[in-house]
Protein chains: 2
Amino acid sequence: MLYIKCIFGGVKKTMTRSEENYIKSIYHLDKVESAMVSTNAIAEEMQTKPSSVTDMVKKLSEKGMVNHKRYKGVSLTEIGRKAALSIIRKHRLWEVFLVEKLDFAWDEVHEVAEQLEHIKSDALIEKLDAHLGFPRVDPHGDPIPSKDGEFKKVIKKLLSEVEIGAEGVCVGVKDSSTPFLKFLDKNKIAINDYIKTIEKEEFDGSLYIEVNGRKVHISNQIASNLYLEIKEAE
Amino acid sequence: MLYIKCIFGGVKKTMTRSEENYIKSIYHLDKVESAMVSTNAIAEEMQTKPSSVTDMVKKLSEKGMVNHKRYKGVSLTEIGRKAALSIIRKHRLWEVFLVEKLDFAWDEVHEVAEQLEHIKSDALIEKLDAHLGFPRVDPHGDPIPSKDGEFKKVIKKLLSEVEIGAEGVCVGVKDSSTPFLKFLDKNKIAINDYIKTIEKEEFDGSLYIEVNGRKVHISNQIASNLYLEIKEAE
DNA sequence: ACATATTTTTAGATTAGTCTAAATATTTAT
DNA sequence: ATAAATATTTAGACTAATCTAAAAATATGT
């Protein structure tokens with residue numbers, strides 16, 4: 001009775017690093033093709049052999065993290081999904097840290113974040129989240145799940161397409177080429193910055209905006225490569 | 001020939017987490033009693049059985065990290081010592097991060113730092129060091145080894161005992177009781193802060209100091225519980 | 001100095017995560 | 001529908017890190 005309660009209540013299972021990586025892979029594959037995930041696909045994603053996958057899937061199934069019928073593929077249980085999102089949350093928060101605080105380039109952070117995501121400490125990740133100002137998205141523009149495993153539904157629009165007066169958090173770039181990212185860097189515009197639109201120059205479509213309170217003038221080309229998060233009400 | 005060069009040149013051996021922990025334990029034990037380190041002592045420190053230690057010592061010995069003669073105890077080689085200091089450097093830098101940036105209490109950081117110290121990325125640790133302003137000591141006042149495995153020799157004096165006009169980095173506390181630490185917190189005096197002595201009030205020994213440019217008046221009791229790093233020349 | 005106690009090592013087993021090779025189930029193509 | 005191709009699982013083995021129990025070396029006390 002108590003046991004049942006523990007499992008379905010909020011008690012965390014301690015997962016090994018390998019288990020965590022499998023769960024994460026299964027989550028990502030599940031997203032792409034929303035059917036059952038195949039053994040081979042997991043093996044491919046994890047860079048292991050299918051037989052290793054079968055073993056691990058058996059283990060995860062016994063732990064209640066995945067559903068599995070022999071020869072029929074795998075899907076995450078609710079517990080497994082929560083676990084995956086917890087790891088993804090850590091990964092993405094660490095990526096924000098690496099880029100915003102340690103000045104890594106956005107395309108240099110993945111490998112290190114793959115290690116950092118396995119650090120076990122709830123206090124750490126909550127304090128990190130606060131330290132970073134509760135960012136909505138990681139440096140690639142991917143949304144950061146909340147503590148309890150939900151994504152805030154992010155509705156994003158190109159800056160060039162919002163009406164004047166609209167404001168919101170910059171949640172992504174359309175063009176992720178190096179020159180464009182360098183431009184943003186030079187002009188101190190970064191993902192998760194708060195942007196207000198002030199005025200549009202009609203004849204060339206350029207925009208006067210405020211980035212974290214600082215006034216900036218950007219061309220239409222720039223504006224049409226930046227995504228703004230739009231609030232529900234808008 | 002090339003092989004030899006590689007070993008003695010700066011080529012890093014990839015160490016497992018367990019190997020790193022053994023090397024660190026041996027380093028700490030070596031510090032305390034500067035003779036050979038015993039198998040039992042390592043087992044005690046690592047919370048394992050002596051037979052496990054024998055196995056690991058054999059492995060580390062083959063990798064050239066420790067010297068070992070059967071039944072005679074263990075000592076670190078130069079390579080092993082460097083490896084130990086590299087791990088300690090990471091541990092202590094992470095501790096500074098946790099306390100200064102994430103607001104952990106100084107006595108809450110050890111467990112998490114034990115995990116973070118094993119993250120493998122040179123770029124990460126150098127960028128972290130810069131982000132933290134190249135701290136000299138960790139939140140416990142222990143010195144942080146440099147990148148190449150040296151300690152900057154820290155000569156420390158109680159703030160109450162330096163002559164007026166002296167300045168330096170606050171590198172430790174004598175009293176580490178909670179009330180004292182709370183006091184420091186409230187008065188925004190922290191380890192690694194830069195402190196200048198301005199004037200001493202003769203009749204009660206209280207001190208006027210500057211902490212990172214901000215003027216503060218502290219009693220003699222406070223001054224006699226804070227350590228300042230004194231430059232060679234002084 | 002020698003018997004006893006302690007320390008260290010060896011031998012053999014265990015677990016997690018992986019592998020290869022073989023067996024079995026499912027899917028696909030004719 | 002059935003043979004061939006593909007996917008999945010099982011069986012058995014390997015490595016790293018650990019353990020227990022027994023053997024061997026060293027240290028200690030009278």
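Lettering follows sequence order; numbering is per chain, from 1. Any value given below was found using the heavy atoms of this structure, including those in side chains, with hydrogens, waters and symmetry copies removed.
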Q) Between atom NZ in A:Lys58 and atom P in D:dA11, what is the gap in whole Å? A) 9 Å
Q: Not counting sequence neighbours, which residues clear side chain to side chain donor-acceptor pair (under 3.5 Å) with A:Asp175? List them please.
A: A:Ser177
Q. So, is B:Thr54 close to the C:dT10 phosphate, meaning a side-chain N or O under 4.0 Å from OP1 or OP2?
A. no
Q.
Taking side chain to side chain donor-acceptor pair (under 3.5 Å) as the cut-off, I'd like each qualifying pair that reaches into residues 126-135 of chain B, sequence neighbours left out, listed once.
A. B:Arg89-B:Glu126, B:Arg89-B:Asp129
Q: Using whole Å, report how far CG of B:Asp55 lies from P of C:dT9.
A: 10 Å
Q | Contacts of B:Glu78 that satisfy side-chain contact (heavy atoms from CB on, under 4.5 Å) - sequence neighbours left out | A | B:Arg81, B:Lys82
Q. Which residues satisfy the side-chain contact (heavy atoms from CB on, under 4.5 Å) test with B:Glu100, sequence neighbours excluded?
A. B:Val96, B:Ile191, B:Asn192
Q. Is the phosphate of C:dT8, meaning OP1 or OP2, less than 4.0 Å from a side-chain N or O of B:Asn40?
A. yes
Q | Presence of salt bridge, B:Glu117 and B:Arg92, under 4.0 angstrom | A | no
Q | DNA chain C-proximal residues of residues 60-69 of chain A, any heavy atom under 4.0 Å | A | none
Could you go through residues 38-51 of chain A and list every donor-acceptor pair under 3.5 Å that involves a side-chain atom there, pairing it with any protein atom two or more places apart or in another chain?
unit_1: A:Ser38; atom_1: OG; unit_2: A:Ala41; atom_2: N; d: 3.0

**Q.** Contacts of A:Thr178 that satisfy side-chain contact (heavy atoms from CB on, under 4.5 Å) - sequence neighbours left out
**A.** A:Lys182
Q) In whole Å, what is the span from the CE atom of B:Met56 to the P atom of D:dC19? A) 11 Å
Q) Rounding to a whole Å, what distance do you find between A:Gln47:CD and C:dC19:C1'? A) 15 Å
Q | Listed once per pair and sorted, the ring pair (Phe, Tyr, Trp, His ring centres under 6.0 Å) pairs that draw on residues 137-157 of chain B, sequence neighbours left out | A | B:Trp106-B:His140
Is there any protein nitrogen or oxygen under 3.5 Å from a nitrogen or oxygen in nucleotides 20-29 of chain D, and what are the pairs?
unit_1: D:dT20; atom_1: O4; unit_2: B:Ser51; atom_2: OG; d: 2.9

Q) Can you list the residues that meet the side-chain contact (heavy atoms from CB on, under 4.5 Å) rule with B:Lys120, with sequence neighbours excluded? A) A:Gln115, B:Glu20
Q: Output yes when B:Glu229 and B:Lys157 qualify as a salt bridge under the 4.0 Å nitrogen-oxygen rule, no when they do not.
A: no
Q | Interface with DNA chain D, restricted to residues 15-23 of chain B and to heavy atoms under 4.0 Å | A | B:Thr16, B:Ser18, B:Tyr22
Q | ring pair (Phe, Tyr, Trp, His ring centres under 6.0 Å) contacts in which one or both residues fall within residues 77-102 of chain B, not counting sequence neighbours | A | A:Phe97-B:Phe97, B:His91-B:His110, B:Trp94-B:Phe97
